[in-house]
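A short write-up of the structure that comes next.
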Amino acid sequence: MRQHKFSREIPDKPSDIKRYLSITLFFLLIYAAGRFTRFSLSELFDGMSEGGGLIKEMFFPPDWAYMRRLLEPMQETIQISIVGTFFGSIVAIPLAIVSARNFLRNPILTGIFRNFLGIFRTIPALVFAALFASIFGFGSFPGILALIVFTAGLVAKLGFEAIESIDPGPVEALESSGASKLSILRFAIIPQILPQYLSFILYSFEINIRASAVLGYVGAGGIANYYNRTLSYLQYARAGSIVLMTFVVVMLLDLVSSKIRERLL
Amino acid sequence: MLDIRNISKVYPNGVRALSDVSLNIQKGEFVSIIGLSGAGKSTLLRSINKMIEITEGDILFQGKSIKEAKGKELRMIRRDIGMIFQSFNLVKRSRVITNVLCGRIAYHSPFVTFFGLFPKEDKMIAFEALDRVNILEKAYNRADELSGGQMQRVAIARSLAQEPILLLADEPVASLDPLTTIQVMDDLKRINRELGLTMLVNLHHVDLAIKYSTRIIGLQGGRLVFDGHSKDVNDEVLKEIYGRELTSSEVLGEVDDAPA
């Protein structure tokens with residue numbers, strides 16, 4: 001072996017205890033969480049074999065005739081997402097503008113709106129739907145409201161990030177020409193973010209169509225209402241046809257929407 | 001017309017960009033500001049239209065104090081001062097004509113222009129501005145379809161549409177190749193001559209400054225160290241402004257006006 005020479009001493013290897021402790025703690029946490037929720041692998045496998053029978057009842061074959069009756073609630077589901085996405089995206093515009101750091105340049109006001117948006121986005125759409133259903137009664141209206149709130153939060157967040165990442169040059173140019181804030185917004189900011197904004201609307205529509213497929217569960221309108229009903233009557237073939245139809249519709253709309261988004265950007 | 005009185009600028013981080021600079025500019029002058037990067041050229045230019053707020057002194061534009069101006073009054077002063085930039089600052093996704101019409105915005109209420117409706121007279125002013133920089137045929141192209149030199153000409157047209165009294169140009173040719181540089185500088189010179197529009201231009205290339213301007217301002221470390229006719233700029237003056245001999249990057253060199 002060759003003789004190595006060093007000008008000074010090799011430093012001591014730092015202790016690995018912290019690393020091992022972290023790893024141990026990590027697995028302990030997972031174990032504790034599993035215990036707490038009574039998760040058991042044997043139950044999972046038992047359930048799987050049972051589930052096999054259930055899947056057979058649901059899909060082999062599904063209740064094709066029942067699908068005709070699903071057209072109307074499916075349409076309602078799609079309508080809820082369209083209306084919710086539309087109005088939510090409109091509400092998002094002023095929210096995004098006041099939340100963007102590079103527009104108002106008022107850190108206090110911007111901070112307030114950003115936190116407000118942040119809080120709203122932590123609440124899932126389904127929770128809003130349940131809340132609104134208890135306030136306004138069952139039907140599609142609470143579902144639409146829930147999606148408006150959810151979409152506004154999402155599109156506003158994506159929107160202010162888009163505004164903050166624009167090329168500041170045109171803003172500077174317009175400001176130096178004596179243009180007012182409103183004109184700067186109209187001529188320097190909006191043209192730069194318009195395609196992104198449209199793509200955010202489509203993106204939230206894709207999310208909303210999935211969300212609205214389960215809104216009926218809490219009485220907020222749409223197809224999930226029927227899912228709930230058929231399951232409680234143990235009509236598995238009917239439940240199967242709902243799942244199948246939801247799957248196909250969501251996938252199709254998703255495909256169309258993402259194709260349009262590709263074109264936009 | 002423009003009276004800069006003992007202005008200083010200290011940035012919040014403590015950097016002193018301008019120290020006690022005084023300057024008086026007359027109508028119709030073509031003035032170049034030269035100096036090293038960080039000498040305060042950009043700060044000086046941006047102080048004039050209050051894109052940067054000065055910490056001391058005052059600037060009078062047509063007798064009105066820029067330091068005191070706020071809100072609408074400031075916007076009206078800015079409307080009379082055009083500005084062009086190194087990176088052109090066009091809205092690339094918008095059409096050329098829309099970009100030029102942006103120069104007309106300050107003439108109208110934002111609620112009128114919000115829908116993109118400009119009076120016919122404004123459109124004519126915009127077309128005329130494009131014609132003056134020989135790029136009228138590109139009016140309906142999208143700005144991102146143009147070359148760098150064309151973009152800068154559109155930016156000049158936008159500032160001309162403001163019908164300004166003073167044009168500030170912050171390194172207008174720094175991102176252009178030598179040939180387009182000459183074309184854009186020729187445009188500025190011609191506009192200065194034809195319209196009597198006062199020009200205040202930051203330039204990196206000393207030989208361009210000497211060739212095009214009637215008067216040269218030299219900044220060094222935020223201080224005004226030279227203010228005189230371009231004929232009076234000699235090696236001694238340059239040594240004071242730059243603190244050393246010029247490097248090749250500060251001289252554009254000879255450019256063939258007619259490429260093969």
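Side-chain atoms are counted along with the backbone in the values below, which use heavy atoms only and exclude waters and symmetry mates. Below, chain A is the first sequence line, B the second, and so on; all start at residue 1.
Residue I17(A) qualifies as open at atom CD1: its count of foreign heavy atoms under 6.0 Å is 12 or below. For I108(A), the CD1 atom is loosely surrounded, since the number of other residues' heavy atoms within 6.0 Å does not exceed 12. Atom CD of E194(B) sits in a crowded spot, with more than 12 heavy atoms from other residues, nucleotides or ligands closer than 6.0 Å. Counting non-hydrogen atoms of neighbouring residues, nucleotides and ligands closer than 6.0 angstrom, the CD atom of E72(A) reaches no more than 12 such neighbours. Applying the 6.0 Å contact sphere to OH of Y217(A) captures more than 12 heavy atoms from other residues, nucleotides or ligands. Within a 6.0 Å radius of CZ in F120(A), other residues, nucleotides and ligands contribute 12 heavy atoms or fewer. By the neighbour-count criterion of 12 heavy atoms within 6.0 Å, atom CZ of F113(A) is sparsely surrounded, having that number or fewer from other residues, nucleotides or ligands. Residue E128(B) places its CD atom among 12 or fewer non-hydrogen atoms of other residues, nucleotides or ligands, all under 6.0 Å distant.
Of the listed residues G116(B), A155(B), G103(B), S87(B), the one with more heavy-atom pairs under 4.5 angstrom with chain A than any other is G116(B). Between chain B and the options Q192(A), K181(A), E172(A), heavy-atom pairs under 4.5 Å are most frequent for E172(A). When the candidates P191(A), A173(A), S176(A), A179(A) are compared by the number of heavy-atom contacts under 4.5 Å with chain B, S176(A) comes out ahead.
Within the model, atoms CG of L174(A) and CZ of R158(B) stand 6.5 Å from one another, a figure rounded to the nearest 0.5 Å. Between atom NE2 of residue H108(B) and atom OG of residue S180(A) there is a gap of 12.0 Å, rounded to the nearest 0.5 Å.
Ion pairing of E175(A) with K50(B) is absent here, as no side-chain N (NZ or NE/NH1/NH2) approaches a carboxylate O to less than 4.0 Å.
The minimum heavy-atom distance linking S177(A) with A106(B) is given by the pair O-CB, 3.5 Å.
With R186(A) contributing its side chain and F114(B) its backbone, the two residues share a donor-acceptor pair below 3.5 Å. At distances below 3.5 Å, at least one donor-acceptor pair connects side-chain atoms of N89(B) with backbone N or O atoms of G169(A).
Both the backbone and the side chain of R79(B) come within contact range of chain A, each with at least one heavy atom under 4.5 Å from a heavy atom of that chain. For I105(B), the part lying near chain A is the side chain, with the backbone staying farther off; criterion is any non-hydrogen pair under 4.5 Å. Neither the backbone nor the side chain of P168(A) comes within less than 4.5 Å of any heavy atom of chain B.
Side-chain rings of F118(B) and F187(A) approach one another, their centers coming within less than 6.0 Å.
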